[in-house]
Amino acid sequence: LILAFLGGTGPEGTGLATRLAMAGHEIAIGSRSAERADEAAAAVREASGSAGVRGYVNEEAASAADIVINTVPHTAQPDLLPGLASAIGSKILISTVVPMLFEKGVGASAVRVPEGSAAEQAQSLLPEARVVGAFQNLSASNLGDTSHQMDADVLVTGDDAEAKAEVSQLVEQINGLRAIDAGRLANTQYVEHITVLCVAINRRYKVHSEIKIAGLDGLHA
Ligand SMILES: NC(=O)c1ccc[n+]([C@@H]2O[C@H](COP(=O)([O-])OP(=O)(O)OC[C@H]3O[C@@H](n4cnc5c(N)ncnc54)[C@H](OP(=O)(O)O)[C@@H]3O)[C@@H](O)[C@H]2O)c1
């Protein structure tokens, strides 16, 4: 598959792109700047050992892709996504976005999104797209460190069962990750909020925490 990352030049985009390139996918790193995209693509080629990683501006990346992965900050998506409607069409759009605010001395807190979650906001901005929430609870730092063995669950939410199954397959192509169907897209707010807790735990224990759901033993190979 060709996977495009909107704002793929940040730690989340490059980290996830590295793991998915290692799983054998072609990667289109998107950016507002072709130059920054090329630089990030070179870094992902180097980290993943895969030659199939190229940089593009966001719209070209989205047009070239089979699946689009949104890795821009939540504040960026209301301006960015509507202009990509024809490039994205009815493709799967994976939302990794966490609406979160950092305040010095206070830490992280969730930002309320009128639509419920960043993923639902993306769906309302792109009504044709098949939006699926995934990857929000993984640490970009762990993803980008190829010497780190991933060992976490990924909660997958969405209203299109086929799209959710396709994204779950993608998740499990990354060594050490298990996909869990976490229900409809409206559940994404709970998933996004878990990341706020992970950030609080990270500050307290100086770690890169992620999550695993208990009680599912035997349901997955
Ligand atoms: N970092 C993590 O550990 C982590 C974990 C889970 C989920 N996430 C989610 O993943 C997303 C990306 O996180 P990140 O840490 O990689 O973020 P980031 O570095 O702040 O931003 C990623 C990229 O988004 C683009 N961007 C920034 N502002 C923009 C704007 N106004 N319009 C269009 N594009 C803009 C930039 O790319 P260009 O300048 O190249 O266009 C930037 O490199 C966030 O929504 C975050 O909540 C992050």
Side-chain angles (χ1 to χ4, degrees), residues 3-20 27-44 47 53-62 68-84 87-88 93-102 107-113 115 117-122 125-126 131-145 148 150 152-157 171 174 177 188-203 206-211:
L3 308 175
F5 289 80
L6 306 177
T9 50
E12 177 72 4
T14 52
L16 201 48
T18 297
R19 297 288 176 162
L20 289 165
I27 304 292
I29 297 285
S31 168
R32 289 167 292 183
S33 141
E35 202 182 6
R36 279 200 297 279
D38 285 342
E39 278 170 23
V44 172
V53 184
R54 312 230 337 242
Y56 301 86
V57 294
N58 285 316
E59 189 171 10
E60 282 174 14
V68 180
I69 304 176
N70 189 13
T71 55
V72 296
H74 75 98
T75 47
Q77 70 172 13
D79 287 336
L80 179 70
L81 294 184
L84 301 177
I88 295 175
L93 177 81
I94 302 177
S95 178
T96 72
V97 176
V98 178
M100 191 167 60
L101 181 74
F102 288 96
S109 50
V111 172
R112 300 283 158 191
V113 179
E115 293 82 356
S117 61
E120 289 164 278
Q121 183 180 68
L125 294 165
L126 296 170
V131 177
V132 173
F135 299 116
Q136 300 96 329
N137 306 141
L138 298 180
S139 150
S141 158
N142 285 346
L143 285 167
D145 173 5
H148 174 84
M150 297 302 290
D153 284 341
V154 171
L155 302 175
V156 182
T157 51
V171 167
I174 298 177
L177 297 185
T188 314
Q189 60 182 310
Y190 314 123
V191 181
E192 293 173 359
H193 289 184
I194 288 171
T195 303
V196 180
L197 290 177
C198 288
V199 170
I201 292 165
N202 294 348
R203 277 168 65 97
K206 311 281 181 248
V207 293
H208 299 296
S209 63
E210 292 166 335
I211 65 154

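We count ligands from 1, going down the list as the structure has it; atoms in each ligand are counted the same way. Please read these numbers as outputs of a predicted model, since none were measured by experiment.
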So which protein heavy atom does [atom] come closest to, and at what separation?
| atom | value |
| --- | --- |
| atom 46 (C) of ligand 1 | Val98 N, 4.1 Å |
| atom 44 (C) of ligand 1 | Val72 O, 3.4 Å |
| atom 23 (C) of ligand 1 | Gly7 O, 3.3 Å |
| atom 20 (O) of ligand 1 | Pro73 CG, 3.8 Å |
| atom 9 (C) of ligand 1 | Thr96 O, 3.3 Å |

Step-by-step side chain to side chain contact (heavy atoms under 4.5 Å, CB included) determination, Leu20 to Ile69 | CA-CA 11 Å; Leu20 289 165; Ile69 304 176; 4.0 Å; yes

What part of Met100, side chain from CB on, backbone N/CA/C/O, both or neither, has a heavy atom under 4.0 Å from ligand 1?
->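 For Met100, there is no contact with ligand 1 at all, from either part.
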
Which ligand 1 atoms does [X] reach within 4.0 Å, using its non-hydrogen atoms?
| X | answer |
| --- | --- |
| Gly10 | 16 (O), 19 (O), 22 (C), 43 (O) |
| Leu138 | 5 (C), 6 (C) |
| Ala140 | 1 (N), 2 (C), 3 (O) |
| Thr9 | 36 (C), 37 (O), 38 (P), 40 (O), 42 (C), 43 (O) |

Apply side chain to side chain contact (heavy atoms under 4.5 Å, CB included) to Ile29 and Thr9, showing your working.
-> CA-CA 7 Å; Ile29 297 285; Thr9 50; 4.3 Å; yes

Using non-hydrogen atoms of the residue, decide whether Thr71 is closer than 4.0 angstrom to ligand 1.
->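 Contact present.
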
Out of [options], who gets a non-hydrogen atom closest to [atom]?
| atom | options | result |
| --- | --- | --- |
| atom 32 (N) of ligand 1 | Gln136, Arg36, Glu12, Arg32 | Arg32 |
| atom 40 (O) of ligand 1 | Ser31, Pro11, Ser141 | Ser31 |
| atom 31 (N) of ligand 1 | Gly13, Ala76, Gly55, Ser33 | Ala76 |

For Glu210 and Ala152 the tightest heavy-atom approach is OE1-CB, 3.7 Å

Contact summary for Ala62 and Leu6, nearest pair of heavy atoms |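 Looking at all heavy atoms of both residues, the shortest contact is CB-CD2, 4.4 Å.
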
Kindly determine whether Asn58 and Val72 satisfy side chain to side chain contact (heavy atoms under 4.5 Å, CB included), including the steps that lead there.
-> CA-CA 11 Å; Asn58 285 316; Val72 296; 5.5 Å; no

Give a yes or no answer on whether the side chain of Ser31 reaches the backbone of Val57 with a donor-acceptor pair at less than 3.5 Å.
->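 Checking the backbone N and O of Val57 against the side chain of Ser31, no donor-acceptor pair under 3.5 Å is found.
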
Are any side-chain N or O atoms of Asn202 and backbone N or O atoms of Ser209, one a donor and one an acceptor, separated by less than 3.5 Å?
->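 Side chain of Asn202 to backbone of Ser209, a donor-acceptor pair under 3.5 Å: yes, one is there.
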
Please check if atom CD in Glu115 has more than 12 non-hydrogen atoms from other residues, nucleotides or ligands closer than 6.0 Å.
-> yes

Determine, step by step, whether Asn70 and Leu81 satisfy the side chain to side chain contact (heavy atoms under 4.5 Å, CB included) criterion, reporting the C-alpha distance in whole Å, the side-chain angles of both residues, the deciding distance to 0.1 Å, and the verdict.
-> CA-CA 9 Å; Asn70 189 13; Leu81 294 184; 4.1 Å; yes

